[in-house]
There are 2 protein chains.
Amino acid sequence: MASFMDVHSGFVGVTAQQLCEAHDRDLAIESEEGVHFERAWLDPEAGKVFCLSTGPSKEAIMRIHERAGHPTAEVYEVSVDVA
Amino acid sequence: MASFMDVHSGFVGVTAQQLCEAHDRDLAIESEEGVHFERAWLDPEAGKVFCLSTGPSKEAIMRIHERAGHPTAEVYEVSVDVA
């Protein structure tokens, strides 16, 4: 199982509730691809969203996001992390 | 105290140890700006690094990263998050 960070643009003015609803749409179907979305962060002024997830492949992440209505081609496999 | 996600490019082929060393250089001086770098994720193939931090301002984050030797202009204030 690998970890991924993906990036969405164009979410200017999105609210906390709207982010939650979008995240819930991912959670509702993620198991069909063996994916789990752990966290998401939003900058509503810049319109950027960052999602941290685990899953079998970049393509699996992309398929869930696309089916949930917020596709992105910008998915990074973050194989190294520090805390 | 606000939360930030910043993005670095050009870190192709960077190792886990090199990421740790870079992160440690931030940690060594971060308190001088009231900043704390919580986590960092690296995609060594794409050369992307994402850092999650807290601090008083975007500029404070940028000053620590610059002094630590890895400046970036791409810092987002992530005022909303879900988990």
Side-chain angles (χ1 to χ4, degrees), chain A residues 1-28 30 36-55 57-59 61-62 64-65 68 70 72-83, chain B residues 1-28 30 36-55 57-59 61-62 64-65 68 70 72-83:
Chain A
M1 194 65 72
S3 292
F4 300 88
M5 185 75 81
D6 65 72
V7 186
H8 304 254
S9 300
F11 281 64
V12 177
V14 162
T15 65
Q17 186 179 341
Q18 288 172 318
L19 183 70
C20 267
E21 289 168 359
H23 186 60
D24 284 345
R25 287 199 299 275
D26 289 318
L27 298 184
E30 64 180 15
H36 179 52
F37 287 93
E38 296 187 356
R39 290 182 72 180
W41 296 267
L42 163 68
D43 176 342
E45 288 192 18
K48 287 278 184 182
V49 176
F50 300 89
C51 300
L52 181 68
S53 63
T54 56
S57 70
K58 197 177 291 192
E59 290 71 25
I61 306 295
M62 290 169 72
I64 295 297
H65 269 341
H70 37 256
T72 181
E74 200 175 350
V75 184
Y76 299 97
E77 182 170 342
V78 286
S79 54
V80 181
D81 74 274
V82 293
Chain B
M1 194 65 74
S3 293
F4 301 89
M5 184 76 80
D6 65 71
V7 186
H8 304 254
S9 300
F11 280 65
V12 177
V14 161
T15 65
Q17 186 178 341
Q18 288 171 319
L19 183 70
C20 267
E21 288 168 0
H23 186 61
D24 284 346
R25 287 199 298 276
D26 289 317
L27 298 184
E30 64 180 15
H36 178 53
F37 287 94
E38 295 186 356
R39 290 181 73 180
W41 296 267
L42 164 68
D43 176 342
E45 288 192 17
K48 287 279 183 182
V49 176
F50 300 89
C51 300
L52 181 68
S53 64
T54 56
S57 70
K58 196 177 291 192
E59 290 70 26
I61 306 295
M62 291 169 72
I64 294 297
H65 269 341
H70 37 256
T72 181
E74 200 175 352
V75 183
Y76 299 97
E77 183 171 341
V78 285
S79 54
V80 180
D81 74 274
V82 292

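We name chains A, B, ... by the order of the sequence lines, and we start the count at 1 in each one. For the numbers below, each heavy atom of this structure counts, side chains included, while hydrogens, waters and symmetry mates do not.
- If you take CZ on A:F50 and CG on B:L52, they are separated by 10.0 Å, rounding to the nearest 0.5 Å.
- The residue among B:A83, B:S3, B:A46 with the most heavy atom pairs within less than 4.5 Å of chain A is B:A83.
- Partners of B:A28 by side chain to side chain contact (heavy atoms under 4.5 Å, CB included), not counting sequence neighbours: none found.
- A 6.0 Å sphere centred on CD of A:E21 holds more than 12 heavy atoms belonging to other residues, nucleotides or ligands.
- Residues of residues 7-18 of chain B that come within less than 4.5 angstrom of chain A, heavy atom to heavy atom, are B:V7, B:A16 in numerical order.
- Expressed to the nearest 0.5 Å, how far CE of B:M5 lies from CE of A:M5 amounts to 4.0 Å.
- The salt bridge (Lys or Arg N to Asp or Glu O under 4.0 Å) search around B:D81 returns A:R39, not counting sequence neighbours.
- Within 6.0 Å of CD in A:E45 there are 12 or fewer heavy atoms belonging to other residues, nucleotides or ligands.
- Partners of A:E30 under the side chain to side chain donor-acceptor pair (under 3.5 Å) rule, at least two apart in sequence or in another chain, are A:H36.
- Comparing A:P44, A:C51, A:C20, A:A40 by heavy-atom pairs within less than 4.5 Å of chain B, the highest count is held by A:A40.
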